[in-house]
Structures are given as structure tokens and as C-alpha cells.
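Everything on this sheet refers to the single structure shown next.
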Number of protein chains: 2
Amino acid sequence: MNQAIGVIDSGVGGLTVANELMRQLPRENLIYLGDTLRCPYGPRSKEEIRMFTWEMVDFLLQKEIKMLVIACNTATAFTLTELQSELDIPVIGVIQPGARAAIKFTHNSHVGVVGTEGTIRSNAYTEALQSIKADIHVNALACPLFVPMVEQGIISGTHAEQVVEESLYPMKMNNHIDTLILGCTHYPLIKETIQSIIGDHVTIISSSEETAREASTILEFHNQLNKDNHIPDHKFYSTGELEMFTKIAESIFMKSIDKFHSVTIQKAFI
Amino acid sequence: MNQAIGVIDSGVGGLTVANELMRQLPRENLIYLGDTLRCPYGPRSKEEIRMFTWEMVDFLLQKEIKMLVIACNTATAFTLTELQSELDIPVIGVIQPGARAAIKFTHNSHVGVVGTEGTIRSNAYTEALQSIKADIHVNALACPLFVPMVEQGIISGTHAEQVVEESLYPMKMNNHIDTLILGCTHYPLIKETIQSIIGDHVTIISSSEETAREASTILEFHNQLNKDNHIPDHKFYSTGELEMFTKIAESIFMKSIDKFHSVTIQKAFI
């Protein structure tokens with residue numbers, strides 16, 4: 001089972017999932033595709049998100065991946081069920097793992113979720129949480145400024161703090177939550193800033209870590225873990241320009257990687 | 001999918017898994033069977049453990065369970081692969097979830113495992129850890145006194161502290177670990193004592209919490225979560241006398257439950 005795990009995202013946020021996959025599954029090969037050209041997905045229509053996601057999936061299926069990880073909350077919200085029923089390989093998204101971890105961690109059943117407009121509008125986290133635990137209280141908040149900020153490489157400093165503080169204000173004002181799900185894979189990059197604003201009494205759940213954990217569970221359950229004793233081979237593709245993509249990737253991975261490629265996917269497979 | 005999740009254990013330890021299943025999957029029905037009559041399994045031969053486990057499984061299959069959780073590390077070590085290949089329902093053990101959580105939490109790749117002689121002798125944790133992360137260092141220690149102590153209801157106080165301190169001495173003397181797996185489902189009952197002896201710098205992984213988490217993952221992945229809005233119905237069976245079983249169960253669940261039954265399984269199905 002030395003085929004790669006395929007990872008798709010609207011841009012660089014999914015690299016936090018890729019980083020956790022490399023850490024928690026160090027024997028596995030990855031192929032990552034970020035649709036940086038058309039990022040962010042958050043404000044887009046469901047139909048557009050579906051079309052873009054299928055273009056990414058078609059690109060990765062050509063590479064014979066053994067599992068697909070939708071490392072984008074917005075794409076998960078709108079395409080997970082469809083992809084799970086149409087593909088022959090296991091497909092996992094980022095919403096259910098984060099929801100499940102929140103259920104494990106919360107003591108008072110008051111859970112906050114921050115995400116893009118698309119993710120919050122879809123109600124996907126509330127449904128994922130309540131389908132498992134009916135009486136959970138969900139405080140969901142769209143933070144549309146976070147993704148564009150992170151995609152510009154702004155992840156700390158005064159400007160980042162100000163944006164996070166203003167965005168989280170409505171949640172902080174009505175704050176019974178003891179657990180906060182980062183419902184967007186870009187947000188782990190500003191996790192420390194979010195923690196400082198929301199307070200230390202709140203457990204922050206990174207859907208990236210939790211998704212990697214569940215990818216491991218599902219691969220093992222299907223007897224698809226890579227048993228080879230080799231140095232894994234990772235490939236990173238971006239639909240847009242490579243400079244910022246590479247810069248952010250290397251800051252997440254804390255090492256230099258020479259496997260970045262620019263690629264055109266739109267209209268290639270439709 | 002309102003069929004129950006079946007849970008088996010050599011005695012009362014698996015009740016910590018049942019408790020976490022009830023907490024993390026509050027819509028699911030459980031049927032628990034503890035083989036208290038023949039507990040502990042730790043010092044027994046592989047053949048005996050296999051035979052006893054199959055007797056428990058046969059009992060639960062009659063109840064048309066939708067998933068089997070082997071809530072006993074020793075039984076997991078010796079029967080998981082066989083049960084996964086022979087049963088038509090998903091089967092999960094307690095070893096892989098604990099191993100996976102340790103890989104997620106450790107920063108220095110030095111992981112400790114405590115368990116029964118049987119579990120430690122089987123080398124199952126080391127194999128589970130290294131099959132995912134080849135370069136992990138595992139410090140495994142058998143603590144044969146813990147299960148008999150817990151089965152007698154001794155879970156705190158001077159005697160418990162003394163037994164834990166003496167048992168953990170070899171691990172504490174050579175302690176580079178930053179993560180310790182409680183590789184026996186009885187041990188969460190003495191988690192606080194273990195934490196106080198091993199030190200606060202060590203993250204303790206309860207395989208009970210982690211197994212419930214993975215049961216949730218696998219059920220959802222197979223679209224088998226119970227969607228009914230009902231009060232779940234749990235049943236608890238013990239092969240031995242009920243008094244201590246009920247007492248320990250109620251201290252774990254922190255509530256009184258009237259669904260305890262004594263049952264004979266041995267030779268009934270062989």
C-alpha cells in the first residue's frame with residue numbers, strides 16, 4: 001500500500017493537515033493540491049465549490065491515490081457525502097474529526113466553531129455535532145477576514161491580533177463555551193493569537209491534527225497503512241503562483257522542500 | 001442502525017470504555033459482557049484467552065450487535081486480527097487507538113506503556129506504535145498487581161499508592177518518556193495515582209477514551225451511527241457474581257443502573 005494519500009485544499013490552509021499527516025503517519029507518501037488560484041472558497045456558491053473540488057479530485061485520481069483527504073472545511077461541507085458515495089477509495093473530510101474531538105473534550109456541552117462564511121452558512125459543524133450528541137450547544141461564527149490574511153502570510157503581530165480580536169468579539173461577549181473548533185484549516189496558523197484572545201479556559205481543537213488522526217484510523221482499519229521502510233516522497237501542487245505557496249509551506253513544515261509544482265486544472269477535466 | 005455496540009472485557013476494566021462510549025456516543029445502545037468469573041486474563045495462555053474471548057463474542061453475536069469493541073488489551077493483543085477477519089461487523093480493539101493517540105501527543109518519540117504481563121509479553125503496543133512510526137522508542141512495563149487490586153475495588157489511598165509506586169519504579173528510574181499509555185482498561189481507575197507518581201510532565205493516554213473516539217470514527221465512516229431520538233438502552237452482563245461488578249460499575253458511571261445481569265457463557269457455545 002505505498003500509493004499516496006491525496007490531499008486537496010482551496011489554498012495553503014490544508015498544508016496544516018499535510019503537516020500533521022507527515023507527523024502522525026511518517027511512512028505515508030502525500031500528494032497535495034492547493035487551488036491557490038481560486039482561493040478563498042468561503043464566499044463562493046455551492047455549485048462553484050463543487051465544480052472546483054471535482055477538478056482537484058480528478059487531478060489526484062490520475063495519480064492513483066489510495067485515500068482522499070478533503071483538507072478544506074468549505075469543500076468538506078459541500079462535497080463530502082457526494083465524494084464518499086462516488087469514489088472507490090476512502091474519503092475523509094475535516095469537519096467530522098473536529099466535531100468528534102470537541103465532543104470528547106467538552107465538559108459543559110457548549111462548543112464554539114469559527115470558520116469561513118461558506119462553512120458556517122452550511123451548518124455542517126452543528127449537524128455533525130448534533131448528529132452524535134443531540135443536546136450540544138453550538139456557537140458558530142464566520143470570520144471572513146482570517147483566510148485572506150493568512151494567505152498573505154500575516155500570521156502574527158499587531159495587525160493579526162487586531163483582526164482576530166475584532167472578529168471574535170461576538171463570541172467572547174456571549175462566552176459559555178469551553179471548547180472551540182478551528183473550523184478552517186488556515187486557522188491553526190493563528191492558533192496562538194486565537195487562544196490569547198478567547199482565553200486559556202477554552203480548549204482549542206485543530207481540525208488538522210484530528211483529521212490526520214482519523215486518516216490513520218481509517219487506513220489501519222482498511223489494512224492500507226504503508227509498511228515500506230523507505231523515505232516517503234511528498235509532492236505539492238498549486239494552481240496559482242508558487243512563491244507565497246512555497247513560503248507558507250516551508251514556514252508550516254519548518255523545513256525546505258523542493259517538490260513544489262505549479263499546475264493547471266481548471267477545464268482540463270470538465 | 002439502532003442495534004447495540006457490543007463490548008467485551010475480562011472483567012470490570014472495560015467499563016471505562018463503556019463509560020466513554022456512553023459519553024462520546026450518547027445515542028448508541030450498549031451491551032457489555034465482563035468475564036469476571038475468569039478474570040484476570042493477563043497471566044493466561046494465548047489459547048485460553050482465545051477460547052474465552054470467542055465464548056464472549058458468540059454470546060454477543062446472538063444479540064445482533066452492529067460493532068464489537070474488544071475493551072481488554074490482553075484479548076485485543078491475542079484475538080483482534082482473527083476476529084476482524086472472521087466477523088462480518090466492524091471489530092475494534094483498545095491497542096491501536098491508544099498507540100495512535102500517543103503518536104499524536106509525543107514530542108520526543110519516547111513512549112511508555114504499562115499493561116498486564118500478557119499484553120506486554122505480546123509486544124502488541126510496540127508493534128502498533130512502530131508499524132506507524134518506525135523510530136519511536138517504547139518503554140514497556142508489566143504491572144501485574146494493578147488488575148487484581150482494582151477488581152477488589154481498591155483504587156485510591158495509601159495501599160494503592162504504594163502498589164503503583166513500587167510497580168512503576170523501573171520506568172521512573174529510566175524516564176525519558178513524555179507520554180505514557182495506560183495499556184489496560186482497568187488503569188484509568190487509578191490514573192490520578194499513576195500521574196502523581198510518574199510526574200506531571202508525562203501525558204497519560206487512556207486507551208478507553210481513545211477507543212470510544214475511534215468507535216465513533218468507524219461507525220460514522222460506515223454510516224452506522226444511530227440517528228434515533230430515544231433514550232438509549234444499555235445492558236451489562238457479568239459471568240461472575242454481581243455485587244462487586246455493580247459496585248465498580250456505578251462508581252465509574254457515577255450513577256445507579258438497574259440493568260445488570262449474571263450470565264453463564266462457558267461451554268454454552270463450544
Side-chain angles (χ1 to χ4, degrees), chain A residues 1 20-28 67 80-81 84-85 90-93 95-107 109 127-136 205-206 208-232, chain B residues 1 20-28 67 80-81 84-85 90-93 95-107 109 127-136 205-206 208-232:
Chain A
M1 295 315 292
E20 282 297 321
L21 286 166
M22 291 189 282
R23 195 177 72 80
Q24 295 184 41
L25 288 166
R27 292 183 159 182
E28 299 296 331
M67 164 181 260
L80 176 68
T81 312
Q84 281 182 329
S85 74
V91 180
I92 66 170
I95 291 178
Q96 291 68 22
R100 205 177 333 274
I103 288 169
K104 188 185 133 191
F105 280 106
T106 186
H107 293 293
S109 293
E127 284 170 14
L129 287 159
Q130 293 181 345
S131 78
I132 297 177
K133 189 169 160 61
D135 63 351
I136 209 156
I205 307 283
S206 150
S208 305
E209 279 180 33
E210 303 305 332
T211 300
R213 159 83 185 272
E214 297 209 358
S216 177
T217 307
I218 300 292
L219 279 184
E220 180 162 63
F221 190 81
H222 289 88
N223 210 14
Q224 289 187 317
L225 286 172
N226 192 358
K227 303 291 186 193
D228 288 357
N229 278 318
H230 70 316
I231 296 168
Chain B
M1 295 314 294
E20 282 296 321
L21 285 166
M22 291 190 280
R23 197 177 70 80
Q24 296 184 40
L25 288 167
R27 292 184 159 182
E28 300 296 331
M67 166 183 259
L80 176 67
T81 312
Q84 282 182 328
S85 74
V91 180
I92 66 170
I95 291 178
Q96 290 69 20
R100 208 179 329 277
I103 288 169
K104 189 185 133 192
F105 279 105
T106 185
H107 293 292
S109 293
E127 284 169 14
L129 287 159
Q130 293 182 345
S131 77
I132 296 176
K133 189 168 161 61
D135 63 350
I136 209 155
I205 307 284
S206 150
S208 305
E209 279 181 34
E210 303 304 333
T211 300
R213 159 83 185 274
E214 296 210 358
S216 175
T217 307
I218 299 293
L219 279 184
E220 178 162 64
F221 190 80
H222 290 88
N223 210 14
Q224 289 187 316
L225 286 172
N226 192 358
K227 304 290 186 194
D228 287 357
N229 278 318
H230 71 314
I231 295 169

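Computation of the quantities below employed the complete heavy-atom set of this structure, encompassing side-chain atoms and omitting hydrogens, waters and symmetry-equivalent molecules. Proteins come first, then strands; the chains are lettered A, B, ... in the order of their sequence lines, and each starts at number 1.
- Of the two parts of B:Leu219, neither the backbone nor the side chain holds a non-hydrogen atom closer than 4.5 Å to a non-hydrogen atom of chain A.
- With a 4.5 Å cut-off on non-hydrogen atoms, A:Leu225 touches chain B through its side chain but not through its backbone.
- Rounded to the nearest 0.5 Å, atoms CD (B:Gln130) and CZ (A:Arg27) are 8.5 Å apart.
- At a 4.5 Å heavy-atom cutoff, the contact between A:Glu220 and chain B is made by side-chain atoms alone.
- When B:Asn226, B:Thr106, B:Ile103, B:Asn223 are compared by the number of non-hydrogen pairs under 4.5 Å with chain A, B:Ile103 comes out ahead.
- A salt bridge links A:Glu210 with B:Lys104: the closest approach of a Lys/Arg side-chain nitrogen to an acidic carboxylate oxygen falls below 4.0 angstrom.
- The minimum heavy-atom distance between B:Arg213 and A:Pro97, with the atom names listed, is NH2-O, 4.0 Å.
- Inter-residue side-chain proximity for A:Phe221 and B:His222 is flagged as met; some heavy-atom pair is nearer than 4.5 Å.
- No more than 12 heavy atoms of other residues, nucleotides or ligands shown are found within 6.0 angstrom of NE2 on B:His107.
- Here A:Thr211 pairs with nothing under the side chain to side chain donor-acceptor pair (under 3.5 Å) rule; sequence neighbours left out.
- Here A:Ser216 pairs with B:Arg100 under the side chain to side chain donor-acceptor pair (under 3.5 Å) rule; sequence neighbours left out.
- The candidate with the highest count of non-hydrogen atom pairs below 4.5 Å against chain A, out of B:Pro90, B:Ala212, B:Ser131, B:Ala101, is B:Ser131.
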